[in-house]
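Whatever order the structure lists them in is the order used to number ligands and atoms, beginning at 1.
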Amino acid sequence: MSRPRVAISGAGVAGTVLAYWLGKHNFEVVVLERSSPENQQGQVVDIEGPALDIVTKMGLLDEIMAGVTHEAGFSLVDSSNRTFGTVKAGQTAATKDIEIMRPNLAAILLKAANSFDHVDLRYGCKIIDLQQNGSSVTIEIRDREKSLTSKETFDFLVACDGLRSSTRDMILPATERDSCLKPIDCSVAFFNIPAESQDRPYGRCYHAPGRRNASMKPMTDKVSSVYLCLAKYDQRLHDARQSRDIVRQKQAITELFGGAGWECDRIIRGMAQTENFYFEELYQVKLDKWSRGRCVLLGDTAYAPSPLTGQGTNLGILGAYVLASKLVKQSQQPEEAFEEYEKDLRQYVNKSARFFSISKDDKLRYALRDASINQGYTADGAEGVGDHKECFEYRRFNNPHCPDDRELPSFKTNVDAFYSQCLTLALNVLKCLAIVMKLGDDFFDKITTKADPQLRLLHYPAIARSEIEKPGHSRISAHTDFGLCTLLFQDDIGGLEIDAKHTGEFTSAPPIEGTVLVNIGDLMQRYTNGRAKSTMHRVVSPQKVGEDEMLPDRYSIPYFVHPDPETLIDPITLEPGEVKKYKPVNAKEWRDYNTRKNYGLGRDKTSLSRTDWEIEAS
Ligand SMILES: O=C(O)CCC(=O)C(=O)O
Ligand SMILES: [Fe+2]
């Protein structure tokens with residue numbers, strides 16, 4: 001049997017790791033890279049979790065360790081370079097154990113892939129057309145150096161030529177080409193500038209007004225690496241990006257960051273001189289399916305989490321390894337191998353799916369046990385047999401039943417990072433609510449200094465429509481949330497419905513890309529003496545259900561915002577003679593009471609009678 005012949009477009013991290021593993025298993029591999037070897041771009045990347053195990057298996061750990069940057073940690077600085085906080089390496093996600101310059105990592109991986117005779121790396125080569133039939137893919141390759149165009153046939157093709165992959169455009173149907181790129185309204189530039197003594201040992205990060213951020217990391221004695229970021233859409237930057245004109249891009253950035261404080265003027269002077277300059281508007285890539293026939297997508301080309309997550313490299317390495325292992329097992333049925341690769345890897349791309357995919361016994365090791373520590377796993381049926389869901393509750397202070405990063409690689413780190421972002425957003429949402437309710441804009445600040453809100457990862461397993469539409473059944477039945485407010489993140493399956501005025505009439509609240517839904521909770525209703533009404537909501541069948549009449553898995557993440565535990569929620573009256581509609585409640589007792597009630601966990605131990613706690617549904 002002849003060995004399988006595979007084309008890989010893109011010699012980045014994912015492409016070279018794949019070439020290595022397929023080469024090791026005797027595949028004939030042709031890697032096509034449009035740029036030249038010395039033209040590898042990129043700044044610092046982290047390697048962690050399963051990706052670290054993979055490079056270790058490749059025997060590359062020592063070489064990678066020799067090339068790591070030596071950053072002692074990260075300081076937050078003000079406009080005069082005064083430090084107002086430092087986080088040492090290893091204490092946070094900001095400085096990882098293994099941080100390496102992307103071009104250095106790429107060179108190490110490339111050398112490893114190149115060690116096999118039957119791996120052929122071709123630079124300056126671009127795929128300009130492709131055709132596939134049921135058993136092979138024929139691609140037309142343009143070799144820039146030789147000014148030649150040739151056609152070659154392969155058993156399959158793997159596209160991993162980046163976020164804006166042109167090979168992907170040839171593989172996907174026209175309707176999906178642009179729609180898979182999701183802008184996140186954030187632009188970044190990175191480049192190196194001459195080092196100065198203050199650049200080490202700590203990386204430094206400076207926030208300037210107007211959603212601007214400048215960060216610097218120590219690289220070598222000679223150079224430091226700079227990141228500039230604007231966290232909003234900007235027309236000038238957008239036009240400059242579209243023009244592909246580096247002079248114009250540098251000009252737009254100079255206008256934006258010149259005079260912004262800290263070392264921004266030094267940075268701008270350095271940027272004017274630097275050759276290694278990269279500027280990009282950030283996107284995520286999201287696709288329902290990563291393969292078409294004999295062609296498959298890998299790494300950022302298929303699933304780009306955006307560079308801000310720091311996960312792109314790790315997912316690229318992991319994806320390449322998983323794809324190689326499936327192809328080695330099933331080289332004669334690549335379509336099946338592609339499906340298995342996708343099934344396995346999606347768990348890592350969708351972080352909450354990662355937790356729910358472990359065995360039920362393992363999940364139960366992290367079970368929620370105590371209402372006063374509302375944290376841990378709850379299985380399908382725990383909140384009543386009519387609901388069809390499983391949850392993992394996560395808190396920042398009371399978090400004893402959470403798998404650590406060794407038990408479930410990267411899980412806690414990822415959820416933690418997301419949790420902090422939610423907390424910042426939640427406190428800002430509360431501020432807005434306080435302003436509109438004329439309570440004074442720091443009203444909620446005073447009662448959220450040690451707040452321990454609850455992030456809930458929710459999984460609604462795939463289920464037949466007939467099952468969910470039986471009387472008394474839903475994905476989650478109609479209810480109000482019991483905290484102050486809830487930030488609700490949903491995937492794109494749909495099915496959430498809302499009855500904001502408690503009239504019994506529900507309207508659909510479909511997911512809107514890039515938005516977060518905010519529910520008012522019962523505690524806010526009590527606190528505002530009924531001025532703000534808690535949002536009644538439920539999750540039922542989505543408006544469109546596939547021909548098989550099955551509801552697919554649905555994932556959502558509510559973030560329930562609770563005040564400091566000792567807060568007394570005594571209704572605020574604003575009008576003369578206004579009568580309080582609710583008795584005062586202690587925030588912790590309220591939270592415990594409702595948790596116990598929802599999960600049927602033990603008896604109510606408070607002195608108040610049940611009626612004191614209930615909040616009317618109308
Ligand atoms: O999954 C959803 O969209 C809603 C979840 C929810 O309402 C809850 O967990 O309280
Ligand atoms: Fe809810």
Student: Nearest non-hydrogen atom to atom 6 (C) of ligand 1 belongs to which of Arg475, Arg538, His479, His459?
Tutor: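 Checking each option, the heavy atom nearest atom 6 (C) of ligand 1 is found in His479.
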Student: Which residue and atom name correspond to the protein heavy atom nearest atom 9 (O) of ligand 1, and how close is it?
Tutor: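 Going atom by atom, the protein heavy atom closest to atom 9 (O) of ligand 1 ends up being Arg456 NH1, 2.8 Å.
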Student: Once you measure the plane-to-plane angle for Phe392 and Phe411, does it fall in the parallel (<30°), tilted (30-60°) or perpendicular (>60°) bin?
Tutor: perpendicular
Student: Is the closest heavy atom of Gln490 to ligand 1 under 4.0 Å?
Tutor: no
Student: Using the six-membered ring wherever Trp is involved, compare the ring planes of Tyr559 and Tyr419 and label them parallel, tilted or perpendicular (cut-offs 30° and 60°).
Tutor: perpendicular
Student: Closer than 4.0 angstrom, basic N to acidic O: yes or no for Glu566 and Lys450?
Tutor: yes
Student: Could you check whether any side-chain N or O of Asp491 sits under 3.5 Å from a backbone N or O of Tyr555, counting only pairs where one atom can act as donor and the other as acceptor?
Tutor: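 Flag set: sc Asp491 to bb Tyr555 pair under 3.5 Å.
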Student: Angle at the Fe ion (ligand 2) between NE2 of His479 and OD1 of Asp481, to 10°?
Tutor: 90°
Student: Using a 4.0 Å cutoff against the non-hydrogen atoms of Phe560, which atoms of ligand 1 qualify?
Tutor: 8 (C), 9 (O), 10 (O)
Student: Which of the atoms of ligand 1 are close to Val539, meaning less than 4.0 Å from one of its heavy atoms?
Tutor: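 What qualifies from ligand 1 is 1 (O), 2 (C), 3 (O), 4 (C).
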Student: Numbering the atoms of ligand 1 from 1, which are under 4.0 Å from a heavy atom of Leu458?
Tutor: 1 (O), 5 (C), 9 (O)
Student: For the pair Glu342 (side chain) and Trp290 (backbone), establish whether a donor and an acceptor sit closer than 3.5 Å, ignoring hydrogens and angles.
Tutor: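 Judged by distance alone, yes, a pair lies under 3.5 Å.
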Student: Can you tell me the protein heavy atom closest to atom 3 (O) of ligand 1 and the distance?
Tutor: Arg554 NH2, 2.9 Å
Student: Establish, for the pair Arg538 and Phe506, whether the NZ or CZ atom is under 6.0 angstrom from the six-membered ring centre and no further than 45 degrees off its axis.
Tutor: yes
Student: Looking at Glu281 and Arg241, is any side-chain nitrogen of the basic one under 4.0 Å from a carboxylate oxygen of the acidic one?
Tutor: no
Student: Side chain, backbone, both or neither: which part of Leu488 has a heavy atom under 4.0 Å from ligand 1?
Tutor: side chain
Student: Give me the ring orientation class for His473 and His388: parallel if the planes are under 30° apart, tilted from 30 to 60°, perpendicular past 60°.
Tutor: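 Geometry flag for His388 against His473: parallel rings.
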Student: Numbering the atoms of ligand 1 from 1, which are under 4.0 Å from a heavy atom of Tyr460?
Tutor: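 Contacts of ligand 1 toward Tyr460, numbered from 1: 1 (O), 2 (C), 4 (C), 5 (C).
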Student: Considering the heavy atoms of Leu496, write down every atom of ligand 1 situated less than 4.0 Å from one of them.
Tutor: 3 (O)
Student: Should the proximity of Ile476 to ligand 1, defined as any heavy atom under 4.0 Å, be assigned to the side chain, the backbone, both, or neither?
Tutor: side chain
